[in-house]
Peer 1: 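Input: one structure, supplied below.
If you read the sequence from its start, that first residue is 1, and numbering goes on from there. Hydrogens, waters and symmetry mates play no part in the numbers below; they use all other heavy atoms, side chains included.
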Amino acid sequence: MTISTPIFLDHILYKQTNIAPAVTSMSSSFPTNTSLLELHLMGIPGLQYLHLWISIPFCIMYLVTLVGNCTILYVIKADPSLHLPMFLFLSMLAVIDLVMSTSITPKMLGIFWFHSTTISLGACLTQMYFVHAFSAVESGVLVAMAFDRYVAICHPLQYLSILTSPVVVVIGLATLLRAVVFMTPLTFQIRCLPLCGPAIVGHSYCEHMAVLRLSCEDAAFSSTYSLSISTCVVSFDSLLIAISYVLILRAVLGLSSPQARKKAFGTCVSHFCIMALYYIPGLLSMYMERYHQELPPHIQVLLADLYLLIPPAFNPLIYGIRTKQIRDGAHRVISRRRPMAGGIGSGLQGPRLGLMKTKSIP
């Protein structure tokens with residue numbers, strides 16, 4: 001017999017409420033979080049009856065993310081002419097988008113389709129770490145891509161001498177190290193906090209602030225740290241991106257060809273829009289979670305979900321398909337495979353014809 005999600009969660013809430021005193025006494029004696037080995041994700045609070053319909057666009061965006069980013073990675077790997085700094089950064093972005101989407105979407109769809117709300121505490125903390133750490137990595141890679149465009153447009157003759165392969169590797173490792181240094185304490189703090197029932201996370205994935213509400217102790221420090229680090233990272237990276245694109249636009253306005261100006265301006269606007277889609281919903285969801293708790297919970301959750309689902313789906317379209325070099329590279333890869341397939345076909349057909357002719361000889 002299938003139990004609907006709201007009734008199931010109400011049942012858990014009732015049970016957890018009845019055992020709350022025991023859990024509290026245990027946590028006071030032993031300040032560990034072993035009292036909660038499993039958590040339950042609600043999905044989108046207040047919209048459980050729409051989970052099936054909401055899952056359709058979410059599933060489509062995830063499929064677009066998988067197909068688009070895997071295609072970008074394959075084309076860049078297969079075409080040597082794309083082994084340039086710009087496309088190496090694009091490869092980093094594609095890998096990050098695949099990791100971020102895959103860390104939350106399958107579980108989210110499991111909640112929407114099969115009411116699979118249960119998640120172990122270890123899996124929840126792992127998901128939280130991947131989401132927050134790779135969000136910080138993606139922000140750093142977006143800064144690197146803006147700097148790459150600045151060098152390519154404003155200093156084209158020095159492009160390959162400035163952005164050498166070792167420099168690209170150092171930039172990638174620096175963004176990863178920054179994310180690890182900033183985001184590891186978030187997961188570590190929750191791992192050390194005692195968690196009490198009810199073991200229900202009012203979110204569709206293990207978002208830091210939502211899990212933090214389960215703490216038996218005052219978690220103001222962890223909450224302030226999360227908000228401060230996120231604000232500093234987003235503000236600093238946004239400032240660097242804005243400076244890069246201001247300098248790019250100044251160089252673009254100096255171009256003599258109106259068509260070149262229009263094309264470059266359109267590229268800058270599209271990049272700015274996808275970055276706004278990445279930064280604005282993320283910050284809004286965090287600040288609403290902290291300071292505007294009177295708002296409907298589903299608004300906060302939907303903002304946080306779209307912040308992690310829309311950019312990975314749109315990045316291959318904005319940075320990949322709209323880029324002429326990527327399109328030309330895809331055509332070259334396809335054209336190289338066609339003669340190979342034709343050669344295999346003719347090689348198989350030749351002996352067959354030879355056998356037919358041999359049989360026809362008296």
Side-chain angles (χ1 to χ4, degrees), residues 55 57-78 82 84-109 126-149 168-169 171-176 178-180 182-183 204-207 230 233-234 237-238 241 267 270-283 285 302-323 325-327 329-330:
S55 69
F58 280 26
C59 182
I60 292 174
M61 283 189 285
Y62 182 55
L63 293 176
V64 170
T65 298
L66 292 179
V67 173
N69 287 288
C70 288
T71 302
I72 293 290
L73 289 172
Y74 176 75
V75 170
I76 292 175
K77 182 180 183 299
L82 297 178
L84 295 172
M86 171 184 177
F87 303 108
L88 294 179
F89 288 131
L90 184 58
S91 299
M92 295 179 194
L93 186 66
V95 172
I96 294 166
D97 286 341
L98 287 172
V99 172
M100 275 208 311
S101 296
T102 304
S103 65
I104 65 164
T105 311
K107 180 60 182 178
M108 203 181 297
L109 294 178
T126 302
Q127 185 189 66
M128 181 193 305
Y129 182 79
F130 271 83
V131 167
H132 292 290
F134 277 88
S135 296
V137 175
E138 177 155 347
S139 182
V141 171
L142 290 176
V143 174
M145 294 176 70
F147 176 70
D148 171 86
R149 290 299 82 207
V168 172
V169 172
I171 292 174
L173 291 177
T175 59
L176 179 61
R178 184 186 70 162
V180 171
F182 285 168
M183 299 304 167
S204 53
Y205 65 90
C206 289
E207 197 269 338
S230 301
V233 168
V234 171
D237 291 353
S238 301
I241 291 172
T267 301
S270 61
H271 288 189
F272 180 80
C273 290
I274 197 67
M275 289 177 185
L277 279 175
Y278 177 75
Y279 286 117
I280 294 175
L283 277 182
S285 65
L302 282 173
L303 271 176
D305 290 344
L306 295 178
Y307 147 72
L308 293 176
L309 290 176
I310 291 181
F314 277 80
N315 283 339
L317 303 177
I318 299 298
Y319 296 110
I321 295 176
R322 294 186 75 252
T323 304
Q325 295 96 317
I326 293 289
R327 295 199 304 268

Peer 1: Starting at CG of L309, measure out to CG of L302 and round the result to the nearest 0.5 Å.
Peer 2: 10.0 Å

Peer 1: Measure across V131 and M100 and return the closest heavy-atom pair with its distance rounded to 0.1 Å.
Peer 2: O-SD, 4.1 Å

Peer 1: Check step by step if side-chain contact (heavy atoms from CB on, under 4.5 Å) holds for F89 and L84.
Peer 2: CA-CA 9 Å; F89 288 131; L84 295 172; over 6 Å; no

Peer 1: Please give me the minimum heavy-atom distance between G329 and V75, naming the atom from each residue.
Peer 2: C-CG1, 3.8 Å

Peer 1: Going through the distances and angles, do F130 and T126 end up as a side-chain contact (heavy atoms from CB on, under 4.5 Å)?
Peer 2: CA-CA 6 Å; F130 271 83; T126 302; 3.7 Å; yes

Peer 1: Looking only at non-hydrogen atoms, find the nearest pair between S101 and P312 and report the distance.
Peer 2: OG-CB, 3.4 Å

Peer 1: Quick check on side chain to side chain contact (heavy atoms under 4.5 Å, CB included): which of L66, D305, I310 does M61 satisfy it with?
Peer 2: I310

Peer 1: Just wondering, more than 12 heavy atoms not from Y62 lying within 6.0 Å of its OH?
Peer 2: yes

Peer 1: Taking atom CD of E138 and atom CE of M145, what is their separation to the nearest 0.5 Å?
Peer 2: 9.5 Å

Peer 1: Between V137 and V99, is any pair of side-chain heavy atoms under 4.5 Å apart?
Peer 2: no

Peer 1: Considering non-hydrogen atoms only, spot the tightest contact between T105 and F58 and give its length.
Peer 2: CG2-O, 4.4 Å

Peer 1: Looking only at heavy atoms, which two atoms of F87 and I76 are closest? And how far apart?
Peer 2: O-CD1, 3.5 Å

Peer 1: For the atom pair CE (M108) and SG (C59), what is the distance rounded to the nearest 0.5 Å?
Peer 2: 12.0 Å

Peer 1: Out of Y279, Y278, Y205, which residue meets the ring-ring contact (aromatic ring centres under 6.0 Å, His included) rule with Y307?
Peer 2: Y278

Peer 1: What is the distance from atom OG1 of T175 to atom CG of L142, rounded to the nearest 0.5 Å?
Peer 2: 10.5 Å

Peer 1: CG/N315 to CD1/I72 distance, rounded to the nearest 0.5 angstrom?
Peer 2: 10.0 Å

Peer 1: Where do L98 and T102 come nearest, in terms of heavy atoms and distance?
Peer 2: O-OG1, 2.7 Å

Peer 1: From T65 OG1 over to D97 CG, what is the distance, rounded to the nearest 0.5 angstrom?
Peer 2: 7.0 Å

Peer 1: With side chains defined as the heavy atoms from C-beta onward, is the minimum distance between M86 and T323 less than 4.5 Å?
Peer 2: yes

